Number of protein chains: 2
Amino acid sequence: MIGQDPAPELPVAAHADRGRPALPAPRPDRHERARHAQAQALLEDYTELIDDLIAATGEARITDIAAHLGVTHPTATKAVARLRREGLAQSRPYRGVFLTDSGQRMAARARARHRTVVDVLVALGVPVEAAESDAEGIEHHVSDSTLAAFARFLDRRG
Amino acid sequence: MIGQDPAPELPVAAHADRGRPALPAPRPDRHERARHAQAQALLEDYTELIDDLIAATGEARITDIAAHLGVTHPTATKAVARLRREGLAQSRPYRGVFLTDSGQRMAARARARHRTVVDVLVALGVPVEAAESDAEGIEHHVSDSTLAAFARFLDRRG
DNA sequence: ACACGAGTGTAGCCAAGGCTACATTTCACG
DNA sequence: CGTGAAATGTAGCCTTGGCTACACTCGTGT
């Protein structure tokens with residue numbers, strides 16, 4: 001600490017030279033949250049996709065997973081290994097991938113979030129194709145608070 | 001190519017068992033775009049912050065950069081090395097970091113995008129703190145098309 | 001019934017982006 | 001004007017998530 005600052009919540013550069021814009025206080029937590037969300041993103045993408053594949057075709061095969069996500073099959077295999085480690089999926093060699101209860105819950109949440117984000121973007125006038133594409137990245141950074149606001153907004157609009 | 005498919009744009013599982021939901025066609029490009037955006041995110045975060053620091057205090061020091069982004073200083077040093085490699089920043093040992101023209105353009109675009117995203121979120125009813133926090137992750141996945149729609153929406157609202 | 005092609009697994013490489021530990025340089029202050 | 005604390009640089013490690021190359025299984029079709 002640096003003595004008794006009379007207004008400790010002031011921006012860091014409140015005393016900066018006149019004419020210079022004030023620098024916002026450091027908010028490292030915001031970036032840390034974003035990094036954490038990004039680390040979760042892969043899990044959400046895979047669980048959601050696996051759930052879709054099982055619903056549509058009865059099984060989730062490594063090759064199909066890889067094709068949908070635009071990665072090679074060893075990458076998909078490695079990711080499934082991580083899903084297993086985290087208790088989200090089960091699999092036996094050459095027998096496809098299945099979700100645990102926990103994995104299915106994650107998939108359901110991810111899908112709901114995705115749909116809401118797409119709907120909001122479209123409601124704001126974003127072309128559908130761009131909305132779907134951007135949502136793929138955006139959805140992982142939408143907090144519960146923001147998601148709730150989105151839902152209220154869509155509701156309000158009918 | 002695989003022969004003359006009479007309806008090549010049909011969803012992959014259009015012939016799936018009745019009662020099963022149709023699986024959307026694979027869209028690997030969407031995920032590839034999201035991954036690419038994520039790879040750009042670090043550059044945007046750093047250029048924007050460095051620009052802010054220089055505007056507010058006249059210089060961008062490694063320690064301040066690290067503090068604002070919530071990383072240790074060697075991590076910030078390594079990132080600045082990457083900025084230099086990509087022609088976005090210049091720096092000399094112990095002398096702070098500065099942006100090239102290219103870096104300043106990236107910073108300007110990043111800041112504008114950030115502001116627009118926050119404004120839209122707030123307009124939709126997201127609490128300011130959550131809006132700022134989520135925007136940190138969302139902004140990197142907002143395409144030009146979506147950004148334009150956001151701007152029109154804000155404009156329309158006055 | 002088996003051979004071969006498609007699907008899957010495995011090994012090992014790479015780059016990115018975190019970290020800790022330690023070395024070096026600056027510069028403000030006594 | 002010298003020195004010690006703070007700032008910066010550097011080395012080296014770890015994990016993640018890509019990739020290619022190669023080995024193995026499965027099951028389909030003749």
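Quick caveat, the model's predicted, so the values are computed rather than measured. Letters A, B, ... are given to chains in the order of the sequence lines, protein chains preceding strands, and every chain is numbered from 1.
- Of the listed nucleotides (D:dG18, C:dT26, D:dA7), D:dA7 has the atom at the smallest distance from the side chain of B:Arg61.
- Classification of A:Arg152 and A:Asp155 as a salt-bridged pair fails, no side-chain N sitting under 4.0 Å from a carboxylate O.
- For the pair A:Thr63 and C:dA6, the criterion of a side-chain N or O lying under 4.0 Å from OP1 or OP2 is not met.
- Distances shown here put a side-chain N or O of B:Thr75 below 4.0 Å from the OP1 or OP2 atom of C:dC19.
- Cluster annotation: A:Met106 is connected to A:Leu83 through the hydrophobic network of ILVMFWY side chains, with a link wherever side-chain heavy atoms come within less than 4.5 Å.
- Toward the 5′ end of DNA chain D lies the nearest nucleotide of B:Gly96, the other residue of the pair B:Gly96 and A:Ala79 mapping further downstream.
- Of the candidates D:dA21, C:dT8, D:dT8, D:dT8 carries the atom nearest the B:His73 side chain, counting heavy atoms from C-beta on.
- For B:Arg35, no side-chain nitrogen or oxygen approaches OP1 or OP2 of C:dA15 to under 4.0 Å.
- Set against C:dG18, C:dA16, C:dA11, the side chain of A:Pro74 has C:dA11 as its closest nucleotide.
- Distance, A:Asp64 CG to C:dT8 P: 7 Å, rounded to whole Å.
- Of the side-chain N and O atoms in A:Arg82, none sit less than 4.0 angstrom from OP1 or OP2 of D:dT16.
- The closest side-chain donor-acceptor pair between B:Glu139 and A:His141, if any, does not fall under 3.5 angstrom.
- Computed from coordinates, the B:Gln40 CD to C:dA15 C1' distance equals 15 Å when rounded to whole Å.
- Salt-bridge annotation for B:Asp134 and A:Arg33: present, with a side-chain N of the basic residue lying under 4.0 Å from a carboxylate O of the acidic one.
- Atom P of nucleotide D:dA7 and atom CD1 of B:Ile65 are separated by 14 Å, given to the nearest angstrom.
- Among the atoms of the strands shown, base atoms are found under 4.0 Å from some heavy atom of A:Thr72.
- One atom, NZ of A:Lys78, and another, P of C:dT8, lie 18 Å apart when rounded to the nearest Å.
- Between A:Gln38 atom CD and D:dG17 atom P there is a gap of 9 Å when expressed in whole angstrom units.
- The residue among B:Leu42 and A:Thr77 whose nearest nucleotide of DNA chain C is located toward the 5' end is A:Thr77.
- Put simply, CZ on A:Arg33 is 19 Å from C1' on C:dG18, counting in whole angstrom units.
- Taking atom CZ of A:Arg95 as the reference point, atom P of C:dT8 lies 11 Å away to the nearest angstrom.
- The listed nucleotides are D:dT16, C:dG18, D:dT8; the one nearest the side chain of B:Val71 is C:dG18.
- Under a 3.5 Å cut-off, the side chain of A:Thr47 and the backbone N or O of A:Leu43 do form a donor-acceptor pair.
- Nucleotide D:dT28 holds its C1' atom 17 Å from the OH atom of A:Tyr94, rounded to whole Å.
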